[in-house]
Amino acid sequence: MKVGVLTGGGDCPGLNAVIRAVVRRGTREFGFEFVGYRDGWRGPLEGDRFELGVDQVRGILPRGGTILGTSRTNPGSIEDGFDRVRKTFDEDGVDALVAIGGEDTLGVARQLSDTGFGVVGVPKTIDNDLGATDYTFGFDTAVNIAMEAIDRLHTTAESHHRVLIVEVMGRHAGWIALHSGIAGGANVILIPEVEFDLDRVCGYIEERFRDRFAPIVVVAEGARPKGGFPDQDDAQTDAFGHVRLGGVAHWLESEIEERTGKEARATVLGHVQRGGTPTAFDRVLATRFGLRAIEAVERSEWGMMTALRGTAIEMVPLAEAVEELKTVPPETYREAEILFG
Ligand code: F6P
């Protein structure tokens, strides 16, 4: 059997570990051949591919990014997109596809699977917001990077008696903010799921200064004040219609200075959170997903994706993965709120 592999959407530490496990097990145990498609769905759309074998996946386990490249290209938004993808697979003699991606890539994978093509999905996102799996690889690495940044910011904040605001990724889900904020001992954590009250945030900041310490505010890029921002009409969107966010930390910086009279500075971690080598947890999870995904191809478990349930890797329908976003439950946020100030 010849199997295509692609990685789509935002990159994420651990993608190479999945590719490596898929190719190694597929080649050694099942005798499969592999075709790597470049840059997500752009590869099969434009026929951009290369032969992928054990030699190509040597040494990639600790490397961040993806050797296949990635993009947010959406065949669903292009005329004849799916026909072109199927035509490439026919030309290449590819019988099945392992699609590694987040909500969008897996949504396309599901549509392709509905056309009768054999697809198995592997979930990835640093945001950890896919419903069907307890954790996605990449999240642990992102949280550790953000935590380390917060640890460093504590000492400089205290030396200068400043408020330091750290903006982390998370458009709709505040998992990175919540976990890195708890792990880093942040004094306020703001997430997209719960609109924040600026007076309350300033109250926590003043409380922290009263204790002779400097406050650290961790804010997810998608967090909003009550009532929203003045306007975001000009925001750019990608092929899947996602708004490009960023800027909440700088907005907070001036609002906090104005309201508290304290000096405030913003740090936007941005893509640093997605780069570099994966943690041990992410390498293991990604490897286990890859091993199970190629077994699913062997068993013709089409339209399914790997998922972590407790400590077991299970196969669940792709439909389930894209059904709803896993956001931070209000009660989980309230638990952390006890520590604010
Ligand atoms: O979905 C993963 C993610 O890292 C989000 O947290 C973030 O909002 C987005 O991707 C950024 O996308 P891009 O790299 O395309 O700017």
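In each ligand, atom 1 is the first atom listed, and ligand 1 is the first ligand listed. All residue numbers in this chain count up from 1 along the given sequence. Source: prediction; values computed, not measured.
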Which segment of Ile176 sits under 4.0 Å of ligand 1 when only heavy atoms are counted: neither

The single option from Asn144, Thr141, Thr277, Thr287 passing side-chain contact (heavy atoms from CB on, under 4.5 Å) against Asp282: Thr141

Check the angle between the aromatic planes of Phe34 and Phe32 and answer parallel, tilted or perpendicular using the 30° and 60° thresholds. perpendicular

Need the ligand 1 atom indices (1-based, order shown) with element for anything under 4.0 Å from a heavy-atom of Gly170. 6 (O)

Enumerate the salt bridge (Lys or Arg N to Asp or Glu O under 4.0 Å) contacts for residues 200-220, please, sequence neighbours excluded, ordered by first and then second residue. Glu158-Arg208, Arg200-Glu337

Could you tell me which atoms of ligand 1, counted from 1 in the order shown, lie closer than 4.0 angstrom to a heavy atom of His271? 13 (P), 14 (O), 16 (O)

Quick test of your reading of the structure: of Val168, Asp127, Asp11, Thr136, whose heavy atom lies closest to atom 2 (C) of ligand 1? Asp127

Identify every side-chain donor-acceptor pair in residues 123-135 under 3.5 Å, counting partners at least two apart or on other chains, and give the distances.
{"unit_1": "Lys124", "atom_1": "NZ", "unit_2": "Gly10", "atom_2": "O", "d": "2.4"}
{"unit_1": "Thr125", "atom_1": "OG1", "unit_2": "Asp127", "atom_2": "N", "d": "2.8"}
{"unit_1": "Asn128", "atom_1": "OD1", "unit_2": "Thr136", "atom_2": "N", "d": "3.0"}
{"unit_1": "Asn128", "atom_1": "OD1", "unit_2": "Thr136", "atom_2": "OG1", "d": "3.4"}
{"unit_1": "Thr133", "atom_1": "OG1", "unit_2": "Tyr135", "atom_2": "O", "d": "2.9"}
{"unit_1": "Thr133", "atom_1": "OG1", "unit_2": "Leu308", "atom_2": "N", "d": "2.9"}
{"unit_1": "Asp134", "atom_1": "OD2", "unit_2": "Gly310", "atom_2": "N", "d": "2.7"}

One finds that the ligand 1 atoms under 4.0 Å from a non-hydrogen atom of Ile126 are 4 (O)

So, does Gln273 sit close enough to ligand 1 that a heavy atom of it is under 4.0 Å from the ligand? no

Tyr37 pairs by side chain to side chain donor-acceptor pair (under 3.5 Å) with which of Asp92, Asp48, Thr7? Asp92

The atoms of ligand 1 lying under 4.0 Å from a heavy atom of Glu221, numbered in the order shown, are 5 (C), 6 (O), 7 (C), 8 (O)

Given that the side chain starts at C-beta and the backbone is N, CA, C, O, which of these parts of Arg72 lies under 4.0 Å from ligand 1, counting heavy atoms, or is it both or neither? side chain

Centres of the Phe229 and Trp251 rings: under 6.0 Å? yes

